[in-house]
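Both ligands and their constituent atoms are indexed starting at 1 by order of listing.
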Amino acid sequence: MKRPKRLRLNLSLTSVIVLLAAGVLLPVMLSTAVGIVAIILARDSGGIITGVLVLCFTTAAAGSALIAVVLTAQKARLARLQADFLANVTHELRTPLSAIRLYAQTLQSDLFSRDPEEAAKCVATILRETEWLDVTLNRVLTWRASARGVLPLEMVDSTVSQAIEDAVERFRAMLRPDEVALSVDVDTEYVVHHDPTALGAVVLNLLTNAYKYTHADKQIKLSVRDESESVALTVRDNGIGLAPSETKHIFRPFYRIRPRDRSATGGIGLGLAIARELVNRHNGTIDVTSREGKGTTFVIHLPRAGATP
Ligand code: ADP
């Protein structure tokens with residue numbers, strides 16, 4: 001039996017808005033004119049009341065149409081964000097997974113049974129890729145917890161050295177040997193009220209971004225210094241940089257800069273949003289300065305414990 005053909009309307013958001021505007025705007029304009037004419041030509045109070053009622057009705061209709069347009073646009077934007085986010089997360093998980101499968105299969109095939117050095121390289125790659133997987137999954141889970149307001153921080157009073165050291169160690173575990181010229185210069189004695197795991201995640205995110213948004217000859221500098229009433233953590237890279245118009249958006253959740261030559265760079269657009277949220281919860285600030293084609297510098301300031309805010 002033949003199925004009846006369904007009429008499928010594939011309308012874009014713009015056409016929906018145009019349709020709504022045309023379908024509502026014209027009648028609204030007409031009834032406004034009618035209302036005004038009715039008031040002008042009114043001979044008695046009945047005529048004035050009719051005119052005012054028509055105008056009230058028109059205003060209500062126009063208001064409802066405006067709300068409908070705004071809600072439709074918002075819903076479409078959310079759907080697009082959700083679709084992009086899912087695609088990005090899938091891509092971010094699939095890339096390391098494919099590498100892990102490939103290297104595990106190579107090990108299984110016994111190809112390197114007589115070459116322990118190559119086998120060790122295979123295992124190292126598998127471990128590196130699992131680190132990237134772990135970082136992505138943690139980021140999604142942290143974002144979910146923070147969006148629901150259930151991200152607990154375990155605060156301690158100490159210098160931030162240990163948190164920095166842990167972040168650097170994890171970062172190194174994600175890199176091939178000699179892939180990055182990383183310089184780490186930690187010179188701090190101030191006590192800071194902080195959650196070492198959260199702070200480590202923030203620093204790791206800045207380091208992985210510095211890695212991702214830098215071409216060959218990657219040079220990354222991490223420094224920690226005591227300033228008057230705060231500790232300054234600086235991550236500087238020699239990467240692709242940011243245009244001035246882009247810097248003010250990069251801390252927004254799900255914001256990713258669309259390709260010019262960035263198309264191959266993975267990411268889910270949550271790292272800096274999480275970083276800002278966590279730094280705020282430490283009563284700190286995070287700032288960025290950048291020059292396109294020259295590099296980017298992120299600076300986090302965390303107040304010294306006991307300092308006047
Ligand atoms: P993503 O997962 O996309 O890296 P982030 O929130 O960490 O998400 O960063 C948001 C955007 O800011 C990135 O997509 C990238 O375009 C830009 N960005 C972040 N860090 C750097 C950097 N060090 N150099 C240049 N661009 C950067």
Side-chain angles (χ1 to χ4, degrees), residues 80-96 129 131-147 151 167-168 170-171 174-175 179-184 198-223 232-281 285-300:
R80 209 177 44 239
L81 272 182
Q82 218 168 31
D84 281 356
F85 176 67
L86 270 180
N88 288 338
V89 170
T90 312
H91 177 263
E92 282 296 275
L93 297 181
R94 186 181 280 160
T95 312
E129 296 298 337
E131 286 290 339
W132 283 98
L133 267 182
D134 197 37
V135 163
T136 305
L137 288 174
N138 268 340
R139 210 160 278 173
V140 176
L141 293 177
T142 308
W143 175 252
R144 172 119 180 90
S146 123
L151 184 64
V168 170
R170 281 206 72 184
F171 182 53
M174 298 165 82
L175 306 175
E179 197 179 6
V180 173
L182 174 67
S183 95
V184 181
L199 186 60
V202 171
V203 173
L204 182 61
N205 180 67
L206 297 185
L207 291 172
T208 50
N209 275 357
Y211 168 87
K212 284 193 302 185
Y213 303 109
T214 315
H215 294 306
D217 182 30
K218 297 174 187 295
Q219 293 176 25
I220 304 176
K221 290 184 179 150
L222 166 66
S223 79
L233 290 80
T234 308
V235 176
R236 175 170 296 139
D237 67 55
N238 62 337
I240 56 179
L242 292 155
S245 57
E246 290 165 341
T247 50
K248 56 179 177 286
H249 300 298
I250 57 172
F251 295 100
R252 274 181 12 207
F254 305 112
Y255 184 82
R256 303 204 69 229
I257 294 166
R258 296 273 165 208
R260 278 187 292 278
D261 62 342
R262 292 166 198 257
S263 38
T265 313
I268 54 176
L270 284 183
L272 289 178
I274 295 173
R276 186 171 62 175
E277 163 77 13
L278 290 176
V279 169
N280 284 347
R281 287 187 61 185
T285 56
I286 178 165
D287 298 293
V288 59
T289 47
S290 186
R291 276 179 63 201
E292 243 182 322
K294 298 283 178 205
T296 304
T297 304
F298 285 90
V299 184
I300 295 173

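Under 4.0 Å from ligand 1, heavy atoms of Ile257 appear from its side chain as well as its backbone. Here Thr214 has no heavy atoms under 4.0 Å from ligand 1, in either its backbone or its side chain.
The shortest N or O to N or O distance between Leu272 and ligand 1 is under 3.5 Å. Note: an N/O pair closer than 3.5 Å links Gly269 and ligand 1 by distance alone. For a threshold of 3.5 Å applied to N or O pairs, the pair formed by Ala273 and ligand 1 contains no separation below that value.
For ligand 1, the atoms lying closer than 4.0 Å to a non-hydrogen atom of Leu270 are 6 (O), 8 (O). Atoms of ligand 1 found under 4.0 Å from any heavy atom of Lys212, numbered from 1 in the order shown, are 1 (P), 2 (O), 4 (O). Atoms of ligand 1 lying under 4.0 Å from at least one heavy atom of Asp237, given by number and element, are 22 (C), 23 (N). Those atoms of ligand 1 that come under 4.0 Å of a heavy atom in Tyr255, given as number and element, are 10 (C), 11 (C).
Residue contacts with ligand 1 do not include Glu246, since none of its heavy atoms lies under 4.0 Å from the ligand.
Using a 4.5 Å heavy-atom cutoff, the side chains of His215 and Ile240 are in contact. Using a 4.5 Å cut-off on side-chain heavy atoms (C-beta onward), Thr296 and Thr214 make no contact. Between Leu133 and Leu93 the shortest side-chain heavy-atom distance falls below 4.5 Å. The shortest side-chain heavy-atom distance between Leu272 and Leu206 falls under the 4.5 Å cut-off. Residues Phe298 and Asp287 form no side-chain contact, since every pair of their non-hydrogen atoms from C-beta on lies 4.5 Å or further apart. With a 4.5 Å cut-off on side-chain heavy atoms, Phe171 and Leu222 do not count as touching.
For atom 27 (C) of ligand 1, the nearest non-hydrogen atom from the set Tyr213, Phe254, Tyr211 belongs to Tyr213. Heavy-atom proximity to atom 20 (N) of ligand 1, evaluated over Thr247, Ile250, Asn209, Val235, is greatest for Asn209.
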Report task. Just do the salt bridge (charged side-chain N to carboxylate O under 4.0 Å, His left out) check on Arg170 and Glu131 with the steps written out, would you? Result -> CA-CA 8 Å; Arg170 281 206 72 184; Glu131 286 290 339; 3.0 Å; yes
Requested in this report: Please report the C-alpha distance between Tyr211 and Trp132 in whole Å, then the side-chain angles of each, then the deciding distance to 0.1 Å, and finally whether the ring pair (Phe, Tyr, Trp, His ring centres under 6.0 Å) criterion is met.
Outcome: CA-CA 12 Å; Tyr211 168 87; Trp132 283 98; 5.6 Å; yes
